Amino acid sequence: MLMTDIYEIYGNIRSIVLCRREYLDDFLSKNTPGKRFRNCQGTEELGLQGKGLSLNNDYKSWTFNHHFFNQAILSPKFTNEAIDQTNKLFNELEIYWSKLFLKEEIIKENKNKLDFSEWFCHYTNDIIFKLLTGKRSYSMAAYFDTLSDEKTEYEPERVKASVKLTQALRKLLMEYTLFFVIPPFIRHYVPCFKNKADEVLKSMEFINQRLDAIIKSRREEIKKTPLDEPLPHDMLTSMIIKNTLRDDNYIHTGVTMSEAMRSMSDTEIRVNILDGIHTGTYKTANMLSLIVYYIAHNPDVKRKMLKEIDSIFQGDKMRPITKDDFYNLGYCEAIVKEVARIHPVVHLLSRCFDKPSKIAKYHWPADTVFLVNLKAIHNNDDDWEEPNKFNPDRWMDENFEPKKNSFLMFGGGLRLCPGRKLATIGLVCLMALLFRKYEIDLADMNTPIKTTSGRVMILSVDLLVEIRLRN
Ligand code: HEM
């Protein structure tokens with residue numbers, strides 16, 4: 001065993017970092033109901049204790065939520081909705097870009113440069129919010145308004161309200177770890193930490209109010225919709241109707257309902273929606289930026305990708321993308337996987353077990369925190385041929401299957417990412433829509449990709465690109 005296969009780090013708590021797939025068998029098994037964090041007062045203060053998925057340490061409640069979340073997000077109707085919304089929001093994005101960056105005089109003056117990481121954050125904000133709540137958000141529109149003298153047609157009040165919510169969500173995402181890493185006494189009594197913690201709690205309260213209002217109004221809309229009329233396929237609607245008369249799979253036995261057969265409360269729905277927004281938005285946006293960066297630096301890959309895209313669209317730069325197109329974009333999907341292998345946006349998985357465990361041949365006491373170093377696992381030359389080479393073709397071989405636990409883009413075991421299908425569809429479709437129509441070059445090929453690193457996730461920032469219409 002090498003020192004770099006397993007090591008420990010100390011912050012406010014000791015964490016054991018695992019860097020080999022062989023150590024993960026029990027850890028990521030489908031039978032191990034691991035928690036992601038130690039139980040702590042912070043989740044209680046945030047109102048998240050035993051709720052939702054990502055921070056839920058109560059196995060029974062997690063199982064209940066997991067079932068609802070998966071049923072909503074993995075249904076074929078939701079997939080169709082995801083593709084439909086991709087087309088609609090991409091069209092909106094194109095309108096903004098054509099006004100801001102594609103006019104002849106702008107190109108002549110060399111002003112056709114835009115920050116992709118920023119645009120993708122706004123795009124994913126809008127699409128994830130729509131798919132999860134059924135409601136529009138106006139993140140792209142608001143960003144356009146800041147860059148242009150001409151304003152969007154949307155009511156300014158709506159745009160403002162949407163921006164306020166997005167900002168609160170971002171604040172929560174960036175600073176909620178304070179509630180896990182800073183001890184309660186410091187959070188409550190040391191002024192600088194207390195101010196920060198209070199701001200996060202204020203954001204949380206605001207988000208809760210807004211999401212509760214959306215849930216309430218959707219319940220009313222559903223009540224008013226006759227039983228024989230179809231409902232939309234967003235996650236909120238699916239969660240509200242599950243295990244009710246509106247649910248196609250509902251069987252009323254007349255016997256007292258088991259826990260699994262009950263419907264969800266507003267608070268349960270709210271935390272699940274918040275979980276989806278939090279865990280989904282920035283990872284997808286960051287992946288998009290990384291994909292654009294790697295494609296720009298690998299001209300052979302770009303050529304092959306364009307060949308695939310062009311063979312499917314046959315020069316048609318306008319028609320909407322379809323589910324069949326997605327299934328035919330195998331090379332684009334290989335690029336997504338290869339970017340995720342070489343540069344994982346989630347760089348650490350975390351787990352912690354209630355009982356003592358044996359991992360990597362050592363015995364560990366209950367409540368030890370383990371972290372899996374994804375970059376190390378994805379770059380191990382025992383598991384990957386030429387691991388440092390960016391080579392999407394490795395995924396194109398029909399017989400290729402990564403070794404067990406050697407590729408963890410979406411994590412593994414019971415806590416595997418439930419948004420994996422949505423994320424893959426979203427990324428592949430957007431790549432096709434972008435590259436079939438636009439020539440996309442990095443503004444500076446010599447600048448390495450800029451990222452900032454959170455506890456478990458990296459954020460791509462300032463990815464300046466130049467766009468033109470493709471001939
Ligand atoms: C490229 C985009 C994405 C990546 C790379 C990604 C990756 C991950 C990873 C690595 C985990 C941790 C898994 C583990 O601990 O084993 C996770 C968890 C999770 N992801 Fe994703 N994800 C993405 C998009 C999404 C989307 C779009 C959604 C939903 C809208 C989503 C919802 C979640 C949820 C709810 C969890 C917590 C699951 C649980 O604890 O049971 N993710 N994701």
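When reading the values below, keep in mind they use all heavy atoms of this one structure, side chains included, and skip hydrogens, waters and symmetry mates. Atoms within each ligand, like the ligands themselves, are counted from 1 in listed order. Remember, predicted model here, so these are calculated numbers, not experimental data.
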Q: Considering heavy atoms of the protein only, find what lies nearest to atom 24 (C) of ligand 1 and give residue, atom and distance to 0.1 Å.
A: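 Protein heavy atom with the smallest distance to atom 24 (C) of ligand 1: Ala423 CB, 3.9 Å.
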Q: Only one of Arg219, Arg218, Lys51 clears salt bridge (Lys or Arg N to Asp or Glu O under 4.0 Å) with Asp266; which?
A: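 Of the listed options, the one satisfying the test is Arg219.
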Q: What verdict does the side-chain contact (heavy atoms from CB on, under 4.5 Å) test give for Phe370 and Phe353, after you've listed the backbone C-alpha separation in whole Å, the side-chain angles of each residue and the deciding distance to 0.1 Å?
A: CA-CA 9 Å; Phe370 297 97; Phe353 304 102; 3.9 Å; yes
Q: Val346 heavy atoms, cut-off 4.0 Å: which ligand 1 atoms fall inside?
A: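 Close to Val346: 7 (C), 10 (C).
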Q: At a 4.0 Å cut-off, with the gap strictly under it, does some heavy atom of His66 reach an atom of ligand 1?
A: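 No, His66 has no heavy atom closer than 4.0 Å to ligand 1.
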Q: Any atoms of ligand 1 less than 4.0 Å from a non-hydrogen atom of Gly411? List them with their elements.
A: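 What qualifies from ligand 1 is 10 (C), 13 (C), 14 (C), 16 (O).
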Q: Purely on distance, is any nitrogen or oxygen of Gly412 under 3.5 Å from one on ligand 1?
A: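 There is such a contact, yes.
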Q: Taking the six-membered ring for Trp, are Phe400 and Trp384 parallel (under 30°), tilted (30 to 60°) or perpendicular (over 60°)?
A: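 Tilted, since the angle between the ring planes falls between 30° and 60°.
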Q: Got an N/O contact under 3.5 Å between Thr284 and ligand 1?
A: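 Between Thr284 and ligand 1 (N or O atoms, distance only) the closest approach is not under 3.5 Å.
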Q: Nearest protein heavy-atom contact for atom 40 (O) of ligand 1: which residue, which atom, what distance?
A: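 Here the nearest protein heavy atom works out to Arg36 NH1, 2.6 Å.
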Q: Is the ring centre of Phe27 less than 6.0 Å from the ring centre of Tyr23?
A: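 Between Tyr23 and Phe27, which both carry aromatic rings, the centre distance is not below 6.0 Å.
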Q: Please list, in number order, the atoms of ligand 1 under 4.0 Å from a heavy atom of Met409.
A: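 The atoms of ligand 1 under 4.0 Å from a heavy atom of Met409 are 5 (C), 7 (C), 10 (C).
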Q: Looking only at the side chains, is there a donor atom on one of Lys130 and Ser137 sitting less than 3.5 Å from an acceptor on the other?
A: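 Ser137 and Lys130 do not have a side-chain donor-acceptor pair below 3.5 Å.
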Q: Does an N or O from Asp275, backbone or side chain, lie closer than 3.5 Å to an N or O of ligand 1?
A: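 No, since none of the N or O atoms of Asp275 sits under 3.5 Å from an N or O of ligand 1.
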Q: Starting from atom 22 (N) of ligand 1, locate the nearest protein heavy atom and write down its residue, its atom name and how far away it is, to 0.1 Å.
A: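 Answer for atom 22 (N) of ligand 1: Cys417 SG, 3.2 Å.
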Q: List every atom of ligand 1 that sits less than 4.0 Å from any heavy atom of Ser54, numbering the atoms from 1 in the order shown and giving each element.
A: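 Counting from 1, the qualifying ligand atoms are 37 (C), 40 (O).
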Q: Quick one: are the ring centres of Tyr143 and Trp97 less than 6.0 Å apart?
A: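 No, the ring centres sit 6.0 Å or more apart.
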Q: Report yes if Ser350 has an N/O atom closer than 3.5 Å to an N/O atom of ligand 1; otherwise report no.
A: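 No, Ser350 has no N/O under 3.5 Å of an N/O on ligand 1.
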Q: Give the residue and atom name of whichever protein heavy atom lies nearest to atom 33 (C) of ligand 1, and the separation in Å to one decimal.
A: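 For this ligand atom, the closest protein heavy atom is Thr279 OG1, 3.2 Å.
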Q: Which atoms of ligand 1 have any heavy atom of Met287 under 4.0 Å away?
A: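 Counting atoms of ligand 1 from 1, those under 4.0 Å from Met287 are 1 (C).
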Q: For atom 30 (C) of ligand 1, what's the nearest protein heavy-atom neighbour? Residue, atom name and distance, please.
A: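 Checked against all protein heavy atoms, atom 30 (C) of ligand 1 sits closest to Gly276 O, 3.5 Å.
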Q: Measure up the His66 and Trp62 rings against each other and bin them: parallel (under 30°), tilted (30 to 60°), perpendicular (over 60°).
A: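 If you compare the ring of His66 with that of Trp62, the planes turn out parallel.
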Q: Please state whether Met235 comes within less than 4.0 angstrom of ligand 1, counting heavy atoms only.
A: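 Per 4.0 Å heavy-atom rule, Met235 does not contact ligand 1.
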Q: Okay, side chain of Ser162, backbone of Tyr138: is any donor-acceptor separation there less than 3.5 Å?
A: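 Here the side-chain-to-backbone pair exists.
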Q: Is it true that, when you exclude Arg158 itself, more than 12 heavy atoms of the residues, nucleotides or ligands shown sit nearer than 6.0 Å to its CZ?
A: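 Not more than 12 within 6.0 Å, no.
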Q: With ring-ring contact (aromatic ring centres under 6.0 Å, His included) as the test, would you mind laying out the steps for Trp119 and Phe144 before giving the verdict?
A: CA-CA 9 Å; Trp119 276 104; Phe144 172 81; 7.4 Å; no
Q: Where is the nearest protein heavy atom to atom 41 (O) of ligand 1: which residue, which atom, and how far?
A: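 Checked against all protein heavy atoms, atom 41 (O) of ligand 1 sits closest to Trp62 NE1, 2.8 Å.
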Q: Using a strict cut-off of 4.0 Å, indicate which atoms of ligand 1 neighbour a heavy atom of Leu53.
A: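 That gives atoms 35 (C), 39 (C), 40 (O), 41 (O) of ligand 1.
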Q: Among all protein heavy atoms in this structure, tell me which lies nearest to atom 36 (C) of ligand 1, with the distance rounded to 0.1 Å.
A: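 Sorting protein heavy atoms by distance from atom 36 (C) of ligand 1 puts Pro418 CD, 3.6 Å first.
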Q: Taking the cut-offs as 6.0 angstrom to the six-membered ring centre and 45 degrees off its axis, would you call Arg136 and Tyr154 a cation-pi pair?
A: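 Yes, Arg136 lies over the aromatic ring of Tyr154.
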Q: For ligand 1, is any non-hydrogen atom under 4.0 Å from Arg420's backbone (N, CA, C, O), its side chain (CB onward), both, or neither?
A: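 It is neither part, as no heavy atom is under 4.0 Å.
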Q: Give me the residue, atom name and distance of the protein heavy atom closest to atom 27 (C) of ligand 1.
A: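 Result for atom 27 (C) of ligand 1: Gly280 CA, 3.6 Å.
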Q: Suppose I only count heavy atoms of Val345 and a 4.0 Å limit; which atoms of ligand 1 are within that range?
A: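 Once the distances to Val345 are compared, the set is 5 (C).
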Q: Ring centres of Phe78 and His233 under 6.0 Å apart?
A: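 Between His233 and Phe78, which both carry aromatic rings, the centre distance is not below 6.0 Å.
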Q: Could you check whether Arg351 makes a cation-pi contact with Phe37, meaning its NZ or CZ is under 6.0 Å from the centre of the six-membered ring and within 45° of the ring axis?
A: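 Here Arg351 fails the 6.0 Å and 45° test against Phe37.
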